[in-house]
Amino acid sequence: MGTNLAHQTPVISSPTIRERTGSISTAEIISVLKGKITALHIKRAFSAETAEEITSNFVESPGLKERKDGVPGQYVGASHYRNDSTTYFTQSESARPYVDSLFGSLVDPVRALFDALKRDLHKQGIELRLARSKQGQANVCRALSWTDGGTYALEPHDDVAQVLHAGSDFEIPAVASNIVAALNFYPSMAEEGGNLRLWSHKPTVNDRRSEGVETTGYPYSATYLEDVPCHDFELKAGDMGLIDGGFVHGVTKQSANGNRRLVLNSFFGFARPDLVLWWT
Ligand SMILES: O=C(O)CCC(=O)C(=O)O
Ligand SMILES: [Fe+2]
C-alpha cells in the first residue's frame, strides 16, 4: 500500500501574536516555550547605542565568514544546521572570542535575557543551560546577515527539521518534540523590507517530506505556501522577536543600499520537563 505524499495541503494553524514596545518578561518567554504564544515582537527592546556597537563590530569582525551550507549569508559564530556534533561544538569554541567581541565593553542583551530566564526557571526546578558535548559548548548567540537576492533574503523554512535531524550525538533532538523557540535581536535593519514573515502553518514530517525538506526544513516553495495566510513583522533596529520556530517563517527581500540587516539568533526549548537547552 503506497501513500501519495506528493501533494500535501498545508494545514492552517492560527498563530497567537503579540506586538508591543517595552521589556520582555520571563513569563512571556515561558509562554512561547509552552506554546501559549506563537510570536512576540518587542519594539525598542535594546538601546540604539548597543545596536550600533554590535553592528560596527560585526562588520569589522576578523571572525566574519561567508556561509557555505546552501543558505546565503554572512555570519559570526557557529550554526548546528547541517553540521555534526563534533564540527558544531569545535566551531562554537573557536568562534566564542569573536561572538563575545561583538558586544565590546557593553552588556550583552542576549546573555542578559539568558541569565534572567535561567534564574526564573531555576525557581521552578528547571535547569537552563547551553547545549554541550565532549568538544565544548554552544555560544549564547550567532550573528547573521542574510544575502539571498531572490524573493526572500532568507527563504521560508522551519527551525524544527534541523533539530530533529541533528543526529544522536547531539542533545538537541529531544527538543524537537516540544517547542523550538527562536530568539532574534535586530541590531541593524535595511531601509526597506527585511520583514520577518510568519506563515500560519506548522509543518509535519509528512509535509516536509512532500516538500523535499525533511532533514533541513529549508526552503518551502512558493506553491506550497500559496494559500497559507501570513503575518509580517516590520522590524526596526533595536527590536527583538521570539517565535515558535516550528511555524514556517522567512525574511522578505530587502533594499540593497544603505544599512545591512543584522540579526543575533539563538534557539532554545525543553529537552525534558526539568531541562531547557540553548544553542545556535
Ligand atoms: O533573520 C531573521 O529574522 C530570522 C532568522 C531565522 O529564521 C533563522 O536564523 O532561522
Ligand atoms: Fe528560522
Side-chain angles (χ1 to χ4, degrees), residues 15 17 19 32 38-43 45-46 51 54-55 58 65 67 69-83 88 99 110 138-166 172 175-176 179-190 192-199 201-203 208 213 215-220 225 230-255 259-269 278-280:
I17 293 172
E19 289 190 84
V32 174
T38 314
L40 191 59
H41 171 198
I42 309 278
K43 299 172 191 173
F46 61 108
I54 298 166
T55 307
F58 175 82
K65 289 185 180 154
R67 276 183 78 146
D69 56 6
V71 185
Q74 293 184 314
Y75 69 98
V76 171
S79 301
H80 82 95
Y81 181 76
R82 293 180 61 185
N83 273 325
Y88 172 64
V99 176
V110 193
N139 293 316
V140 172
C141 69
R142 59 184 179 143
L144 295 150
S145 178
W146 308 115
T147 54
D148 196 326
T151 315
Y152 292 98
L154 172 66
E155 292 229 63
H157 66 280
D158 75 71
D159 300 327
V160 174
Q162 56 180 310
V163 177
L164 190 58
H165 291 272
I172 58 172
V175 180
I179 305 285
V180 175
L183 176 67
N184 296 314
F185 281 76
Y186 298 96
S188 177
M189 281 297 296
E192 269 180 78
N195 298 339
L196 177 65
R197 181 167 292 174
L198 185 83
W199 280 268
H201 174 53
K202 215 172 166 169
R208 291 192 198 109
V213 299
T215 61
T216 58
Y218 170 95
Y220 288 90
L225 295 171
C230 64
H231 177 87
D232 271 21
F233 295 94
E234 291 181 20
L235 305 162
K236 296 219 159 50
D239 289 4
M240 60 160 289
L242 178 62
I243 63 166
D244 173 345
F247 279 76
V248 176
H249 57 281
V251 177
T252 65
K253 195 183 181 70
Q254 51 194 344
S255 46
N259 293 347
R260 66 151 81 204
R261 183 188 192 276
L262 180 62
V263 61
L264 302 179
N265 165 271
S266 355
F267 301 112
F268 57 99
W278 185 294
W279 73 96
T280 61

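Heavy atoms only: backbone and side chains are in, while hydrogens, waters and symmetry mates are out. Along the sequence shown, the residues carry numbers beginning at 1. When a ligand or atom number is given, it counts from 1 through the structure's own listing order. These figures come from a predicted structure and were not determined experimentally.
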Spacing of CG belonging to D69 relative to OH belonging to Y218, to within rounding of 0.5 Å: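 Going from CG on D69 over to OH on Y218, the span is 8.5 Å.
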
Test item: T252 side-chain N/O and G193 main-chain N/O as donor-acceptor pair under 3.5 Å: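 Not a single qualifying donor-acceptor pair exists.
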
Parallel, tilted or perpendicular: rings of W278 and F268 (30°, 60°):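 Parallel: the ring planes of F268 and W278 meet at under 30°.
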
H249-ligand 1 polar pair, N/O distance under 3.5 Å: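 Yes - when backbone and side-chain N and O of H249 are compared with those of ligand 1, one distance drops under 3.5 Å.
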
Y152 and P219, any side-chain heavy atoms less than 4.5 Å apart: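 Side chain of P219 against side chain of Y152, heavy atoms only: no contact under 4.5 Å found.
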
Report, in ascending order of atom number, the atoms of ligand 1 lying under 4.0 Å from any heavy atom of [X].
{"X": "Y186", "answer": "2 (C), 3 (O)"}
{"X": "L196", "answer": "3 (O), 4 (C)"}
{"X": "V251", "answer": "1 (O), 2 (C), 3 (O), 4 (C)"}

For F185, the option from I54, I42, V110, L242 that meets side chain to side chain contact (heavy atoms under 4.5 Å, CB included):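 Answer after filtering I54, I42, V110, L242: V110.
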
Qualifying residue for side chain to side chain contact (heavy atoms under 4.5 Å, CB included) with M240, from L40, L183, N184: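 It is L183, the one option of L40, L183, N184 that forms the side chain to side chain contact (heavy atoms under 4.5 Å, CB included) with M240.
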
Atom 6 (C) of ligand 1 - nearest protein heavy atom and its distance: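 For atom 6 (C) of ligand 1, the nearest protein heavy atom comes out as L154 CD2, 3.6 Å.
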
Nearest neighbour in protein (non-hydrogen) for atom 9 (O) of ligand 1: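 That would be R142 NH2, 3.2 Å.
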
The Fe ion (ligand 2) - closest N/O/S atom in H249: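 H249's closest N, O or S atom to the Fe ion (ligand 2) is named NE2.
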
For the Fe ion (ligand 2), the closest N/O/S atom belonging to D159: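 The nearest such atom is OD1.
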
For atom 10 (O) of ligand 1, the option (of R261, E155, H157) bearing the nearest heavy atom: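 Result: the heavy atom closest to atom 10 (O) of ligand 1 is in H157.
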
